[in-house]
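Here the structure is laid out as structure tokens; the discussion comes afterwards.
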Amino acid sequence: MYSDIIKLFQAAQKIIVFTGAGISTNCGIPDFRSPNGLYRTLKQRYNDLPYPEAIFDLGYFQENPAPFFDLSRDICSQNAEPSLAHKFIAWLESEGKIALVVTQNIDMLHHRSGLKKVLECHGTYRSAHCLSCRKYYTFEDIDDDMLAGEIPHCDCGGIIKPDIVFFGEALPQRFYELYAKPPDADLVLVMGSSLTVEPAAGFAVNLAQNIPSILVNLEPTHYDGLFTYAIHQDIDMFTQQVWSELQPDFLPQ
Ligand code: OAD
């Protein structure tokens, strides 16, 4: 099987990559739905959280933004470094093989790996807006507060919310455009997502049905059967195997 996968990577010129929280667990950032993921531990950390996903609920945030900002301190930690898989995707781009990367992740690690063609479909911490007057802020405007776990406030007194897509909010317009008309691709690589959150998951699943596709995820997903290859393995172990074949002088970092 691996030799067929290597051949797919060697031949591919236009790869679409779709990533989820599982690509960052080896960087020390927990995912959401694994047995020790955030949605299992949040309720223990924040007694008054009515249900785990409420941390990304606008109504709850307006009442009680503290849990979101406490969690943000962990997610935005400057100590997290890109994983081998983040670096592999950036390397594929430097080889001219990437058509597009769509990530659900808000941890900025694809950017930190040097990747350029990335769409953060669940938003980003790099920009933020005041919930009251809509004033625009950058990450640097609020990072001191955020990294201290404090709630950033606007000059007008409103709470500043990073531009993370909360449940019920629209995804970036460009995502819908790409959903309707994805770029031409010859391989789809999905890494580290339970494929449970729509419409993001639908983007990957639709593509996987129509072109050669590889899913790398520790746990099975409902859509494994739609992929050409569904591999239940640690992402960085998979990456190491593939990258060392594609680039023989590759040294594991
Ligand atoms: P999930 O937590 O739902 O899924 C992560 C998947 O990664 C799980 O199925 C794990 O088995 C797998 N995984 C974890 N570590 C792995 C590793 N080292 N190697 C291989 N697989 C691994 O995360 P997402 O699918 O990204 O929304 O969740 C989608 C959205 O739900 C997130 O974007 C988030 C959340 O609500 C926002 O942040 C706005």
Side-chain angles (χ1 to χ4, degrees), residues 17-43 49 51-61 65 67-76 80-89 101-110 118-128 146 161-172 175 189-205 208 214-224 227 229-243:
V17 183
F18 179 83
T19 64
I23 197 174
S24 300
T25 53
N26 288 329
C27 313
I29 301 174
D31 66 8
F32 296 93
R33 295 175 184 81
S34 285
N36 51 359
L38 282 169
Y39 287 155
R40 302 271 167 94
T41 57
L42 280 172
K43 193 79 183 80
L49 202 63
Y51 56 96
E53 290 86 347
I55 201 140
F56 294 121
D57 178 276
L58 200 53
Y60 180 78
F61 177 84
F68 170 80
F69 283 111
D70 190 38
L71 181 70
S72 297
R73 183 171 42 176
D74 293 344
I75 293 179
C76 295
E81 289 293 328
S83 65
L84 195 65
H86 287 109
K87 292 175 190 168
F88 175 59
I89 296 166
V101 178
V102 174
T103 186
Q104 299 168 98
N105 297 346
I106 53 179
D107 54 28
M108 302 183 279
L109 287 176
H110 279 301
V118 56
L119 172 70
E120 295 161 303
C121 70
H122 286 165
T124 174
Y125 281 98
R126 275 191 305 285
S127 62
M146 286 227 310
K161 174 185 165 289
D163 291 342
I164 303 303
V165 177
F166 277 25
F167 287 111
E169 290 189 305
L171 277 62
F175 172 80
L189 173 65
V190 176
M191 290 181 133
S193 178
S194 59
L195 297 175
T196 49
V197 175
E198 297 295 346
F203 172 80
V205 171
I214 303 167
L215 168 73
V216 189
N217 204 64
L218 275 181
E219 293 163 303
T221 76
H222 289 305
Y223 301 106
D224 284 10
F227 286 79
Y229 298 100
I231 298 163
H232 303 135
Q233 187 184 12
D234 176 81
I235 288 171
D236 285 341
M237 285 176 65
F238 169 86
T239 299
Q240 187 156 339
Q241 264 171 288
V242 171
W243 200 353

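Since the structure is predicted, the reported quantities are computational estimates derived from the model, not experimental observations. Start at 1 with the first residue, then count along the sequence. Ligands are counted one by one from 1 in listed order, and the atoms in each one are counted from 1 as well.
Using cut-offs of 30° and 60° on the angle between ring planes, the pair W243 and F88 is tilted. Taking the six-membered ring for Trp and thresholds of 30 and 60 degrees, F61 and F166 have ring planes more than 60 degrees apart, a perpendicular arrangement.
At the top of the distance list for atom 8 (C) of ligand 1, counting protein heavy atoms only, stands E219 OE1, 3.5 Å. The shortest contact between atom 23 (O) of ligand 1 and any protein heavy atom is with A21 CB, 3.6 Å. The nearest protein atom to atom 21 (N) of ligand 1, hydrogens excluded, is given as L218 N, 3.0 Å; this is a heavy-atom distance. Annotation: atom 28 (O) of ligand 1 to nearest protein heavy atom, R33 NH1, 3.0 Å. The protein atom (non-hydrogen) at minimum distance from atom 13 (N) of ligand 1 is G22 CA, 3.6 Å. In terms of protein heavy-atom proximity, atom 14 (C) of ligand 1 is closest to D31 OD2, 3.3 Å. For atom 12 (C) of ligand 1, the closest non-hydrogen atom on the protein side is N217 OD1, 3.2 Å. Given atom 30 (C) of ligand 1, the protein heavy atom at minimum distance is V197 CG2, 3.7 Å.
When each of L171, N105, V102, T103 is tested with H122 by the rule side-chain contact (heavy atoms from CB on, under 4.5 Å), just one qualifies, namely L171.
To the nearest 0.5 Å, the span separating OG1 on T239 from NE2 on H86 amounts to 10.0 Å. Going from atom OG of S24 over to atom CD of E81 covers 12.0 Å, rounded to the nearest 0.5 Å. Between I231 atom CD1 and L218 atom CG the span is 12.0 Å, to the nearest 0.5 Å.
Backbone and side-chain nitrogen or oxygen atoms of T196 are examined, and none is located within less than 3.5 angstrom of a nitrogen or oxygen of ligand 1. Remark: ligand 1 and F32 share an N or O pair separated by less than 3.5 Å (distance only, no angle test).
Near F167, with a cut-off below 4.0 Å to any heavy atom, the atoms of ligand 1 are 36 (O). Atom numbering of ligand 1 starts at 1 in the shown order; those under 4.0 Å from a heavy atom of G192 are 5 (C), 6 (C), 7 (O). The atoms of ligand 1 that sit less than 4.0 Å from any heavy atom of G20 are 26 (O). Interface of V165 with ligand 1, defined as ligand atoms under 4.0 Å from a residue heavy atom, comprises 39 (C). The ligand atoms of ligand 1 that sit less than 4.0 angstrom from a heavy atom of T25 are 14 (C), 15 (N), 16 (C), 17 (C), 18 (N).
Put simply, the side chain of E53 never gets that close to the backbone of D57: no donor and acceptor are under 3.5 Å apart. Of the possible polar contacts, none joining the S34 side chain to the N36 backbone as a donor-acceptor pair under 3.5 Å is found. In terms of modelled atom types and a separation under 3.5 Å, the side chain of N217 and the main chain of S193 share a donor-acceptor contact.
Contact between F166 and ligand 1 is absent, with no heavy atom of the residue lying under 4.0 Å from the ligand. Contact between G37 and ligand 1 is absent, with no heavy atom of the residue lying under 4.0 Å from the ligand. Heavy-atom distances between Y39 and ligand 1 reach below 4.0 Å in at least one pair.
Salt bridge E120/R126: present, at least one basic N to carboxylate O contact under 4.0 Å.
Within the 4.0 Å heavy-atom criterion, the part of I106 lying near ligand 1 is the side chain and not the backbone. Within the 4.0 Å heavy-atom criterion, neither part of V216 lies near ligand 1.
In this comparison of H122, H232, Q233, the heavy atom closest to atom 27 (O) of ligand 1 sits on H122.
Heavy atoms of other residues, nucleotides or ligands lying less than 6.0 angstrom from NE2 of H232 number more than 12.
Across L42 and Y39, no two heavy atoms sit closer than the pair CD1-CD2, 3.9 Å.
Of the N and O atoms on the side chains of D31 and T25, not one donor lies less than 3.5 Å from an acceptor on the other residue.
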